[in-house]
2 protein chains.
Amino acid sequence: MTEPSLLRIGDLAAATGTKIVTIRYYEKIGLLPAPPRTGGNYRAYSTTHRERLSFIRRSRALGFTLDEIRELLELSADTERDCAAVDRLVTSHLVEVEDKIADLQRLASELRRMKESCRGGTIDDCRIIEALSSQPTLP
Amino acid sequence: MTEPSLLRIGDLAAATGTKIVTIRYYEKIGLLPAPPRTGGNYRAYSTTHRERLSFIRRSRALGFTLDEIRELLELSADTERDCAAVDRLVTSHLVEVEDKIADLQRLASELRRMKESCRGGTIDDCRIIEALSSQPTLP
DNA sequence: CTTGACCCTATAGTGGCTAGAGGGTGCAGC
DNA sequence: GCTGCACCCTCTAGCCACTATAGGGTCAAG
């Protein structure tokens with residue numbers, strides 16, 4: 001009996017909101033194991049693959065790098081292990097995200113300041129261009 | 001008389017807080033014009049180059065893409081032009097930055113929620129791993 | 001058989017750098 | 001003049017996470 005839960009790559013893509021080329025990419029870099037093939041050389045994915053790919057995509061959506069996801073997958077497979085390592089990964093990632101937010105907020109403030117200095121006119125009187133041209137270079 | 005303001009690439013790099021390889025990269029992609037060379041094939045940069053590179057670096061620091069900077073440079077060279085185009089570039093960039101901040105804040109909230117659900121223990125009881133494994137996949 | 005939807009591999013590209021290999025130049029000190 | 005060190009040069013490939021494209025095969029309905 002043909003296993004009804006085996007998926008072709010397009011089905012898996014639809015089921016997980018992933019592009020087909022991205023699935024192939026993940027296989028290439030070893031993040032997703034290569035599945036068995038049909039007689040026609042089509043990939044045949046099981047539920048296990050679908051679950052793993054969903055995990056990957058959720059983690060990506062949360063901004064984890066592929067290497068971090070690799071680590072999370074390894075941790076998740078080790079069911080007897082203490083989950084402090086997972087906590088540490090999430091914590092450090094959260095810190096990075098918060099740092100990035102702070103950076104962007106500083107950047108946004110400066111852009112707003114520049115915008116507010118603009119009074120219209122021509123380029124040779126442009127306060128924005130002036131700001132980009134004349135402030136001391138930050139190291 | 002040798003022009004005292006001519007800089008070697010290392011000097012220009014130091015003066016503008018840019019890496020040498022980055023200066024060469026900008027020249028390669030046409031963002032910074034190729035300077036004249038010494039007899040020994042060293043690049044000889046003028047004040048004009050330094051000013052242009054400073055402009056580029058300030059714009060990069062504000063998160064503008066190289067293509068946007070290309071556009072800003074063109075606008076800044078057209079001194080009789082109305083500066084509304086500059087304003088528009090800055091505005092749309094600010095919107096992008098604000099959108100990115102909002103995205104990251106949503107992401108940070110979710111990571112915090114995940115962290116707070118963690119009660120320690122082993123992986124098979126790990127709420128973080130559960131969250132990554134079981135939520136409905138977002139399209 | 002034909003056709004259209006789907007699948008396959010391989011390669012190169014995106015953006016903004018960055019690293020490294022292999023070789024040349026300039027100048028101070030001996 | 002020679003040496004050694006700091007600097008310069010070109011070229012190529014790589015980083016990260018995809019993404020596009022070329023060229024060809026498979027499958028199933030009509």
Side-chain angles (χ1 to χ4, degrees), chain A residues 2 4 6-32 34-45 49 52-53 55-73 93 96-97 100 103-104 107, chain B residues 2 4 6-32 34-45 49 52-53 55-73 93 96-97 100 103-104 107:
Chain A
T2 303
L6 288 185
L7 299 168
R8 295 189 315 187
I9 196 167
D11 303 321
L12 182 65
T16 56
T18 313
K19 290 193 171 169
I20 291 174
V21 295
T22 305
I23 298 174
R24 289 199 196 105
Y25 172 66
Y26 289 160
E27 180 187 315
K28 184 180 174 182
I29 63 172
L31 193 59
L32 194 63
R37 299 287 182 122
T38 66
N41 202 32
Y42 283 23
R43 292 167 173 83
Y45 292 100
H49 276 97
R52 186 173 171 106
L53 182 56
F55 185 103
I56 292 164
R57 299 306 292 167
R58 281 185 204 108
S59 305
R60 281 296 298 130
L62 287 171
F64 288 102
T65 65
L66 296 184
D67 272 352
E68 282 165 343
I69 293 166
R70 224 181 282 271
E71 214 176 323
L72 283 169
L73 285 166
H93 181 49
E96 277 169 21
V97 171
K100 184 67 193 171
D103 281 349
L104 288 173
L107 202 159
Chain B
T2 304
L6 287 186
L7 300 168
R8 294 190 314 190
I9 196 167
D11 303 322
L12 182 65
T16 56
T18 314
K19 291 195 173 169
I20 291 175
V21 296
T22 306
I23 297 175
R24 290 200 195 104
Y25 171 66
Y26 291 160
E27 179 187 315
K28 183 179 174 183
I29 63 172
L31 193 59
L32 195 62
R37 297 291 180 118
T38 65
N41 202 31
Y42 283 22
R43 292 170 174 79
Y45 293 100
H49 276 96
R52 185 173 172 105
L53 182 56
F55 185 105
I56 291 165
R57 298 308 289 169
R58 280 184 205 110
S59 304
R60 281 296 297 130
L62 288 171
F64 288 102
T65 65
L66 296 184
D67 272 350
E68 282 166 342
I69 294 166
R70 224 182 279 273
E71 214 177 322
L72 282 170
L73 285 167
H93 181 50
E96 276 168 23
V97 172
K100 184 67 194 174
D103 282 348
L104 287 173
L107 203 158

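Atom set for the values below is all heavy atoms of this structure, side chains included, hydrogens, waters and symmetry mates excluded. Lettering follows sequence order; numbering is per chain, from 1.
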Candidate nucleotides [options], ranked by approach to the side chain of [X] - the nearest:
| X | options | result |
| --- | --- | --- |
| A/Ile9 | C/dT11, D/dA17, C/dC8 | C/dC8 |
| A/Thr38 | C/dG16, D/dA17, D/dC27 | D/dC27 |
| B/Leu66 | D/dC9, C/dC17, D/dC18 | C/dC17 |
| B/Lys19 | C/dT18, D/dT19, C/dC17 | C/dT18 |
| A/Arg8 | C/dC7, D/dT19, C/dA19 | C/dC7 |
| A/Lys28 | D/dA20, C/dT11, D/dC27 | C/dT11 |
| A/Tyr25 | D/dC8, D/dT19, C/dC17 | D/dT19 |

May I ask you to verify if any side-chain N or O of [X] is less than 4.0 angstrom from the OP1 or OP2 atom of [N]?
| X | N | result |
| --- | --- | --- |
| B/Arg24 | D/dC9 | yes |
| A/Arg37 | C/dC7 | no |
| B/Tyr26 | C/dG16 | no |
| B/Arg43 | D/dC9 | yes |
| B/Thr22 | C/dT18 | yes |

(request) Please answer whether the main-chain N or O of A/Phe64 pairs with a side-chain N or O of A/Arg60 as donor and acceptor at a distance below 3.5 Å. (result)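 Yes, the answer is positive, given that a donor and an acceptor are paired below the 3.5 Å cut-off.
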(request) Keeping the roles fixed (side chain from B/His93, backbone from B/Leu62), state whether a donor-acceptor pair exists under 3.5 Å. (result)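 Answer holds: yes.
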Integer-rounded Å distance: [N] [atom2] and [X] [atom1]:
| X | N | atom1 | atom2 | result |
| --- | --- | --- | --- | --- |
| A/Leu53 | D/dC18 | CG | P | 11 Å |
| B/Asp11 | C/dG26 | CG | C1' | 13 Å |
| A/Phe64 | D/dA17 | CZ | P | 13 Å |
| A/Leu6 | C/dC6 | CG | P | 19 Å |
| A/Glu27 | C/dA10 | CD | P | 11 Å |
| B/Asp67 | C/dC17 | CG | P | 12 Å |
| B/Ile56 | C/dG16 | CD1 | P | 12 Å |
| B/Asn41 | D/dT10 | CG | P | 6 Å |

(request) Give a yes or no on whether a salt bridge exists between B/Asp67 and B/Arg70, defined as a side-chain N under 4.0 angstrom from a carboxylate O. (result)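 Counted as a salt bridge, because a side-chain N and a carboxylate O are separated by less than 4.0 Å.
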(message) Please compare B/Arg60 and B/Gly40 by the position of their nearest nucleotide in DNA chain C and report the one closer to 5'.
(response)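 Nearest nucleotide further toward 5': that of B/Arg60.
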(request) Look at the side chain of B/Tyr42 and the base of D/dC7, then say whether one donor and one acceptor between them are separated by less than 3.5 Å. (result)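 Yes, the side chain and the base share a sub-3.5 Å donor-acceptor pair.
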(message) Could you walk me through whether A/Tyr26 and A/Arg57 satisfy the side chain to side chain donor-acceptor pair (under 3.5 Å) test, starting with their C-alpha distance in whole Å, then the side-chain angles of each, then the deciding distance to 0.1 Å, before giving a yes or no?
(response) CA-CA 11 Å; A/Tyr26 289 160; A/Arg57 299 306 292 167; 2.5 Å; yes
(request) For A/Ile29, report the nucleic acid contact type (base, sugar-phosphate, nothing); a contact means any heavy atom under 4.0 Å. (result)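 If one applies the 4.0 Å heavy-atom cut-off, A/Ile29 turns out to touch nothing in the nucleic acid.
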(message) When you compare the side chain of A/Leu53 with that of A/His49, does any pair of heavy atoms fall below 4.5 Å?
(response)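 Side chain of A/His49 against side chain of A/Leu53, heavy atoms only: no contact under 4.5 Å found.
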(message) If we check side-chain contact (heavy atoms from CB on, under 4.5 Å) with A/Tyr25, which of these qualifies: A/Leu32, A/Ile20, A/Leu66?
(response)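 Option passing the side-chain contact (heavy atoms from CB on, under 4.5 Å) with A/Tyr25: A/Leu66.
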